[in-house]
Amino acid sequence: MDTNGAVVSARDVHKSFGPLKVLDGIDFEVQRGEVMVIIGRSGSGKSTALRCLDRFETIDEGEIIVCGHHVSDPNIDLRALRQDVGIVFQSYNLFPHLTVEENIILAPCSVKRASKTAAKEQAKRVLAQVGLEEKLHYYPEQLSGGQQQRAAIARSLAMQPKVMLFDEVTSALDPELTGEVLKVIEALAADGMTMVMVTHEMGFAKGIADQVLFMHRGKVHESGPATILTSPTTPELAQFVGKEL
Amino acid sequence: MDTNGAVVSARDVHKSFGPLKVLDGIDFEVQRGEVMVIIGRSGSGKSTALRCLDRFETIDEGEIIVCGHHVSDPNIDLRALRQDVGIVFQSYNLFPHLTVEENIILAPCSVKRASKTAAKEQAKRVLAQVGLEEKLHYYPEQLSGGQQQRAAIARSLAMQPKVMLFDEVTSALDPELTGEVLKVIEALAADGMTMVMVTHEMGFAKGIADQVLFMHRGKVHESGPATILTSPTTPELAQFVGKEL
Amino acid sequence: RADLLDDIMAAKKIRIATDLAIPPSGMMDGSMKPTGSDVETAQLLAKDWGLELEFIQTTGATRIPNVQTNKADIIISTLSVTPERAKVIDFSKPYAALQSVVGCLKAVQVKDWPDLKGKTIAVSRGTTQDTALTNMKDRELTLARFDDDATMVTAAVSGQADCMATSATIVNQVGVKNPARPFEPKVLITTFDLAIGIRKGEPRLVEKLNEWVSANLKNGKLNEIYKKFHGSELPAAMLQ
Amino acid sequence: MNLILDFPAILERWPLFLDGAWLTLQLALIATLLGGVIGVVGAMGRRSSNAVLSRICTIYVEGIRNTPLLVQIFLVYFGLASLGLKFSAFTVAAAALTINVGAYTTEIIRAGFDAVPRGQIEAAEGLALSRAQIYWNVILWPGIEKVYPALTSQFVLLMLASSVTSQISAEELTAVANYVQSDTYRAFETYILVAIVYVILSLIMRAGFWALGLVIFPRRRRLGTPL
Amino acid sequence: MGGSLNANHLLFLGHGALWTIGLSLIAFAGGGIAAFIIALCRISPNRAVRIVTAGYVQLIQGTPLLVIMFLSYFGLSAIGFSISPLAAAGASLTVYVSAYLGEIWRGCIQAVPKPQWEAAEGLALTKAERMTKVILPQAIRIATPPTVGFMVQIIKNTSLASVVGFVELARAGQIINNSLFEPFLTYSVIAVIYFALCYPISRLSRRLERRSGLPRIKPVTA
Ligand SMILES: Nc1ncnc2c1ncn2[C@@H]1O[C@H](COP(=O)(O)OP(=O)(O)OP(=O)(O)O)[C@@H](O)[C@H]1O
Ligand SMILES: Nc1ncnc2c1ncn2[C@@H]1O[C@H](COP(=O)(O)OP(=O)(O)OP(=O)(O)O)[C@@H](O)[C@H]1O
Ligand SMILES: [Mg+2]
Ligand SMILES: [Mg+2]
């Protein structure tokens, strides 16, 4: 498969849960340093598509290549893939038995063999990026929703992956914090990180997307630059963003 | 305490987690059929304030009365309180071992002694209100984030409480669904239900709030009708909503 | 393979399997030294043959496997001879005999088998008394089987059973334990021969053991040991 | 080796083994059912905010778990008889096993209950469910689900442990084995046969637990995740 | 027969208790390691491995320890492999413990919610790291009570080693009882000694439970 230098590419991806067809032939490509935003109705398969990219779901048909890893290949080296790809889950999935700091340094220390001091330094830095430096030694259950979400973002950033997958990472954040996360993401993109984000906040999408993918009934219904959000061409997208065509 | 006919009233509420003062003298009143929206930065104590109203946190000082129940009284009849008050948690807390339908009919059947058929009828109705009728027999883990959130809303609605407490109930919803939930809430308010909502979506707040409470550093920093969101008087709120004063 | 007798003689040591939890044949004295009629019999044998003696501690269930798998040379541990058992191991000439009785509370009116009907008879499981009574189907006896003599005696002492089938020695002992419930032998079951057990296929060893048993029955040494622990003489017929 | 296995000599006594196996199974079933109930009640007691109640449950658990089953059985069987209370060996065996396994299951189930996330209980409280309703709907089944394999193992262990009751004249499988092997001196054959019967009994128990799991944990069944 | 409990008896019991401790330690060490491997095999992605270990667990769990001991000591000997009583008892206990603890631990490991596994995978942790750093710490809390419950049962079950000739605590008690015919006294003493051996473990587990796993603080959300 020729990926045209794309860092993430999906071709004709199909995925069903039992009788429910969730992905029905999805295609896209994301270039290095690009931010692609996936939008769509609740239940339209956005999270599923994202999870397929990091192989938390196996696909029924089609081909996915991320950072040169053939994700759809059954014999893929999962660890290698996941060292290159970071993911923030919609439900955060922080480790409840570890403090925020321990959550963050866990992977750098064990996977990247970073020294503990270096990892802790870095933990402080990424936490500061998301405005959470004072909660270093809190356990997840002691954090507010938005704090948990930011801790999850920080945990992924600490691994300095080449591709980041964000699943609604600003859902629990207020406008002010959303703005700050936006800045962080822009900086990452400027540094060459490739990102795929699922979001339902159109303002956020407009501010950040190089490419927007509108999913509808398991298909890519409309895609293009962020401007499609303000001037949609299909009635479904128009309805979705609350505009009359 | 004189509640002036208010359904929910809080007076000088204080609450700390260890050394961390989260609520530092909060006062407010909500009249019957009113929708009060609480906004504020992540970690500013919004969820805590909401949880105090339904006594999931005990307060250190002050007085809270909800629907005539003295919440701050140690001998309060918790079940009576919670029959009058419904709450949707920020993290949904659906019961993972029950299907959506079972989640919803559980309380009506056991608490209100509703017949199973009646409860199931009602489950369908509330699910339809939030656009989730086809997921009746799914388990929570089979639902997308937004679907889980809507199931949690439906579960609370099925109890037909007098007061509803919503903690960021549209955080996982796309604009279109948010609009639909907005309509549901408006209808409920019109029927006389009193609601307190925490949200960080200003559009939603503007559309729905009779009263807005801006929390900052454990205090009610600014409050008033929804118009304060467009014309804030304090610099903190202005910064929060992303406006220059 | 070599002959077991030769092996024993070559090793200058004999390994004898004995259960030390079946008084008065095998037990521990107050200073926790093995004692009992089987223990002394074994010691006598070793001395006579000029061998070192090693006791292989067994439980009831492992006496036989110990010789079958060559972990012990012979068994001296109240083995009573039955045709069924003789299919599995070889027995020497009997070196002692055990009088089995049904003993009951002194106060209970029991003269013969019919009187035992409807009474619970405690017995040690798998003993020859157990087998004997179990096979008396037409006498309609009610048996309660316990794992060892001590438990059986406890059943009698505590009132779980009013009768017990065991050696006369033990029946008399109950009254000592609990003077309020003295027992006495009421009905004789039979007298069982006790013999030394040897694994199959060792005719020379059996032969030599037989000689030793005969000699020591004649010279009265085995009878002495028996009297010391069981309080009665061996049947006269045996001593010939 | 002069050890020749002769199974027919043992197998011809199959009615004895069958009776023994049946008694073992009965003891196991009774103790499993009642012990399971004790476990649930005990676990609730251990977690209770009532200090006295939780103390009593703790003493029960520690007292039973840390002493041998045999001693417990002796105490009940002979102790009661000494007081003039005579029960059949079966009754005593069933009661002692129940009390015994109840202590172990109490702890196991408590662990399951403790593992139910706080948010779940809060959600139920928020729906105005009573304490009993919360226990029944939100804590009991998910809690048991989490420790189901441990519970199953414990009950299989109990079934094997029921062999101790042979000491007080219960004619269960091990008692039969002991009888047969001392009557015939064929220990190898007897033990091998009895092991096979025990394995079959444990298979039956496991199958039972598996089937029960399908009924009481419908989510596992429907989502196809094994227990 | 007869006599009364004296210091020699207690010494004899003490000696038996030492064997009980020794055998238990072997069982915990050998069995614990084997159990961990069994638990991992039971959740292996390889179907064949899963089936084989499930069969092993089923077989061993169904077989009385007494029979396992008997067959490993006398049975192996009968087919020409003579092993020492200690080896037989140690191997039997290891095998036995591995089946039970393995199954118990497997259940507890699988009780850790799926999202936690995914999060650990997503961070590119190796299988070993995932287990030791993320899954086990969370599984330990729910595994502790059943594990300890089983361990104290093992301490008592080492008594079955009497079948291979060990005079450990219970057998020592039986021998004494069968000389004295004083069951209540003898067994009470035995019960006390067993309690003294087992209770510290229960206490330790309570400690472990309190320390491991989640901090006992009321959560805000989640
Ligand atoms: N394990 C599963 N079993 C069955 N159905 C599933 C499963 N996981 C997801 N689904 C279904 O797949 C559909 C797509 O889910 P997905 O999580 O991808 O939606 P989404 O676009 O992320 O929605 P949201 O915005 O609400 O998070 C949903 O209808 C959901 O019910
Ligand atoms: N159990 C606890 N122990 C210690 N601190 C806690 C605990 N629960 C909450 N906090 C702290 O209290 C503060 C307020 O939390 P709260 O959940 O009320 O915030 P919030 O306003 O709802 O934030 P968000 O918008 O992110 O949900 C946070 O800083 C949090 O870290
Ligand atoms: Mg999603
Ligand atoms: Mg909150």
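Throughout, protein chains are lettered first and strands after them, A, B, ... in sequence-line order, and every chain is numbered starting at 1. Bear in mind that the values here come from a model prediction, so they are computed numbers and not experimental data.
- Per-residue heavy-atom pair counts under 4.5 Å with chain E were compared for D:Gly112, D:Ala150, D:Ala115, D:Gly63, and the maximum is reached by D:Ala150.
- The structure places CD1 of E:Ile142 at 10.0 Å from CG of D:Asp114, a figure rounded to the nearest 0.5 Å.
- Proximity to chain E (any heavy atom under 4.5 Å) is shown, for D:Ile200, by neither the backbone nor the side chain.
- With respect to chain D, the highest number of heavy-atom pairs below 4.5 Å among E:Ser202, E:Ala111, E:Pro183 belongs to E:Ser202.
- Within the 4.5 angstrom heavy-atom criterion, only side-chain atoms of D:Val194, from C-beta onward, approach chain E.
- Proximity to chain E is absent for every atom of D:Ser163, based on heavy atoms less than 4.5 angstrom apart.
- Side-chain contact check for D:Ser202 and E:Gln61: no donor-acceptor pair (N or O, by modelled atom type) lies under 3.5 Å.
- For the residue pair E:Gly62 and D:Tyr198, the shortest heavy atom distance occurs at O-CB, 3.1 Å.
- For D:Arg65, the parts sitting under 4.5 Å from any heavy atom of chain E are the backbone and the side chain alike.
- D:Lys146 places no side-chain N or O within donor-acceptor distance of the main-chain N or O of E:Cys108, the cut-off being under 3.5 Å.
- Between E:Phe70 and D:Phe188, the gap from one ring centroid to the other is short of 6.0 Å.
- The shortest non-hydrogen separation linking D:Ala111 to E:Pro145 is CB-CG, 3.4 Å.
- If you take CG on D:Asn66 and OH on E:Tyr199, they are separated by 8.0 Å, rounding to the nearest 0.5 Å.
- For D:Thr58, the part lying near chain E is the side chain, with the backbone staying farther off; criterion is any non-hydrogen pair under 4.5 Å.
- Heavy-atom minimum distance, D:Pro68 versus E:Ala191: CD-CA, 4.0 Å.
- Within the 4.5 Å cutoff, the side chain of E:Gln153 has heavy atoms near those of the D:Tyr104 side chain.
- Here CD1 of D:Ile108 is found 12.0 Å from OG1 of E:Thr144. Values are rounded to the nearest 0.5 Å.
- Side-chain atoms of D:Glu62 and E:Val152, non-hydrogen and from C-beta on, never get closer than 4.5 Å to each other.
- Separating the OG atom in D:Ser153 from the CZ atom in E:Phe150 is a distance of 8.5 Å, to the nearest 0.5 Å.
- Within the 4.5 angstrom heavy-atom criterion, no atom of D:Leu201 approaches chain E.
- Neither the backbone nor the side chain of D:Ile204 comes within less than 4.5 Å of any heavy atom in chain E.
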For this session: Would you check, one step at a time, whether the test side-chain contact (heavy atoms from CB on, under 4.5 Å) holds for E:Val148 with D:Glu107?
Result: CA-CA 9 Å; E:Val148 168; D:Glu107 274 303 85; over 6 Å; no

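- For the atom pair E:Tyr187 OH and D:Leu75 CG, the distance stands at 11.0 Å (nearest 0.5 Å).
- Within 6.0 Å of the CZ atom in E:Arg203, the count of heavy atoms belonging to other residues, nucleotides or ligands does not exceed 12.
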Exercise. Does the pair D:Tyr191 and E:Leu66 meet the rule for a side-chain contact (heavy atoms from CB on, under 4.5 Å), with working shown?
Worked result: CA-CA 9 Å; D:Tyr191 280 163; E:Leu66 175 81; 3.9 Å; yes

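- Between the CD1 atom in D:Ile192 and the OG1 atom in E:Thr63 there is a gap of 11.5 Å [rounded to 0.5 Å].
- Of the atoms belonging to D:Pro117, not a single heavy atom falls under 4.5 Å from chain E.
- Residue D:Ala177 does not touch chain E at all, counting heavy-atom pairs closer than 4.5 Å.
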Exercise. Given E:Lys156 and D:Leu69, is the side-chain contact (heavy atoms from CB on, under 4.5 Å) satisfied, shown in steps?
Worked result: CA-CA 9 Å; E:Lys156 291 175 270 171; D:Leu69 172 58; over 6 Å; no

